[in-house]
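The model shown is predicted, which means the values in this text are computed figures rather than measured ones. Basis for what follows: all heavy atoms, side chains included, without hydrogens, waters or symmetry-related copies.
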Amino acid sequence: LVDYQYPFTNPAGSSYGAVKNDIEKNHMLDKTVEVVKKARQLGIWVIHVTEGYTGDYRELDPTNSGAFHRFGILGQAFKTGTPEAASYPPLNPGPNDKDLFLAPRIQTSAFGGTGLNEILRSRGIKNIAVAGFTTDVCDYATVTNGYDLGYHVYALKDSMAGYTQPLADMMLQSVYALWSTVLSNDEFVAMVSADTKASR
């Protein structure tokens, strides 16, 4: 789960306007809560990846001409420990859930500096499903990075929201197939359910 945090998920968040259509028209958050609930029931390990920085952004280079970090600094976004960087409450695990919250990342990919690759390999995990924000930025970076690392990647299109439209939808419908299998949430649950039954 990539960046299910206040800036994207709360109507008062700084990036909510960009993803509002996917969230409200496509019920993206509701669909994500439902698929995560089913995934936990099926024994799928749910991993939360968040973006986060120190209060003065000392880990970033403000002179870098790339816009990704510059926008964050200018907007004073994703400061670790602040309400504005908080996770989306409906996705928080219950007392018996085994979710993992990774250390906040400062790179675009969920694999960037979080230890995710090492954690997955230590468990012998080969398959990953990606959901979150945004289809054309951090989800995309995670999918391509995961593919390059040798994982079988599944992109959950019902649980992704695009920052730049119509580019994000075009990417999901075309270039994502180069690095992942794009599935609806129902297709993903059906696939995993069949695997679970076969392994019993």
Side-chain angles (χ1 to χ4, degrees), residues 1-10 13-16 19 29 32-33 35-36 39-40 43-62 64 66-156 159-161 163 179-180:
L1 300 176
V2 179
D3 293 356
Y4 281 89
Q5 293 170 270
Y6 183 96
F8 292 114
T9 61
N10 192 296
S14 59
S15 297
Y16 186 85
V19 296
L29 291 177
T32 302
V33 171
V35 76
V36 168
R40 289 171 177 146
I44 296 171
W45 199 18
V46 178
I47 299 176
H48 302 254
V49 182
T50 58
E51 187 174 350
Y53 307 95
T54 53
D56 60 2
Y57 298 93
R58 70 186 64 183
E59 60 270 69
L60 303 182
D61 176 8
N64 192 315
F68 181 73
H69 285 146
R70 292 182 70 187
F71 284 160
I73 296 171
L74 288 171
Q76 295 292 289
F78 295 103
K79 290 184 179 181
T80 301
T82 66
E84 290 75 19
S87 298
Y88 183 55
L91 286 175
N92 288 340
N96 296 319
D97 296 323
K98 306 298 184 184
D99 296 21
L100 174 66
F101 283 82
L102 294 177
R105 63 181 174 78
I106 63 170
Q107 299 177 26
T108 50
S109 167
F111 291 94
T114 62
L116 178 59
N117 181 47
E118 292 76 11
I119 291 168
L120 295 178
R121 292 195 186 285
S122 73
R123 297 288 191 95
I125 293 172
K126 183 78 173 179
N127 302 286
I128 61 171
V130 178
F133 300 92
T134 58
T135 310
D136 45 332
V137 186
C138 296
D139 291 348
Y140 180 67
T142 299
V143 165
T144 56
N145 199 175
Y147 177 87
D148 284 342
L149 289 168
Y151 293 97
H152 298 175
V153 184
Y154 300 89
L156 303 188
S159 290
M160 288 185 173
Y163 194 84
W179 296 283
S180 67

For a 4.5 angstrom cut-off between non-hydrogen side-chain atoms, does [X] reach [Y]?
X: Asn127; Y: Tyr154; result: yes
X: Cys138; Y: Phe68; result: yes
X: Tyr6; Y: Pro83; result: no
X: Phe101; Y: Leu1; result: no
X: Leu91; Y: Thr9; result: no
X: Val130; Y: Ser180; result: no
X: Asn10; Y: Tyr16; result: no
X: Leu149; Y: Leu120; result: no

Under 3.5 Å, side chain of [X] to main-chain N/O of [Y], donor-acceptor pair present?
X: His69; Y: Ile106; answer: yes
X: Lys98; Y: Val46; answer: no
X: Thr135; Y: Ala161; answer: yes

For the residue pair Tyr88 and Phe133, is the inter-centroid distance of their aromatic rings smaller than 6.0 Å?
no
Compare every heavy atom of [Y] with every heavy atom of [X], then report the nearest pair and how far apart it is.
X: Gly94; Y: Asp97; result: N-OD2, 2.7 Å
X: Arg70; Y: Asn64; result: CD-O, 2.8 Å
X: Ala110; Y: Thr142; result: N-OG1, 2.9 Å
X: Val33; Y: Pro90; result: CG2-CB, 3.9 Å
X: Asn92; Y: Ser87; result: OD1-CB, 4.0 Å
X: Ser159; Y: Val35; result: OG-CG1, 4.0 Å

Give, for atom [atom1] of [X] and atom [atom2] of [Y], the distance between the pair rounded to the nearest 0.5 Å.
X: His152; Y: Ile125; atom1: NE2; atom2: CD1; result: 13.5 Å
X: Thr114; Y: His48; atom1: OG1; atom2: NE2; result: 14.0 Å
X: Arg40; Y: Asp99; atom1: CZ; atom2: CG; result: 4.0 Å
X: Thr50; Y: Arg105; atom1: OG1; atom2: CZ; result: 7.5 Å
X: Ser14; Y: Gln76; atom1: OG; atom2: CD; result: 11.0 Å
X: Thr32; Y: Leu156; atom1: OG1; atom2: CG; result: 8.0 Å

Quick one: do Trp179 and Val153 satisfy side chain to side chain contact (heavy atoms under 4.5 Å, CB included)? Show the steps, please.
CA-CA 7 Å; Trp179 296 283; Val153 184; over 6 Å; no
Partners meeting side-chain contact (heavy atoms from CB on, under 4.5 Å) with Gln107 (sequence neighbours left out):
none
Quick one: sort the Phe111 and Tyr151 rings into parallel, tilted or perpendicular, breaks at 30° and 60°.
parallel
Flag yes if more than 12 heavy atoms outside Tyr57 fall under 6.0 Å of its OH atom; otherwise flag no.
yes
What residues form a ring pair (Phe, Tyr, Trp, His ring centres under 6.0 Å) with Phe78, not counting sequence neighbours?
none
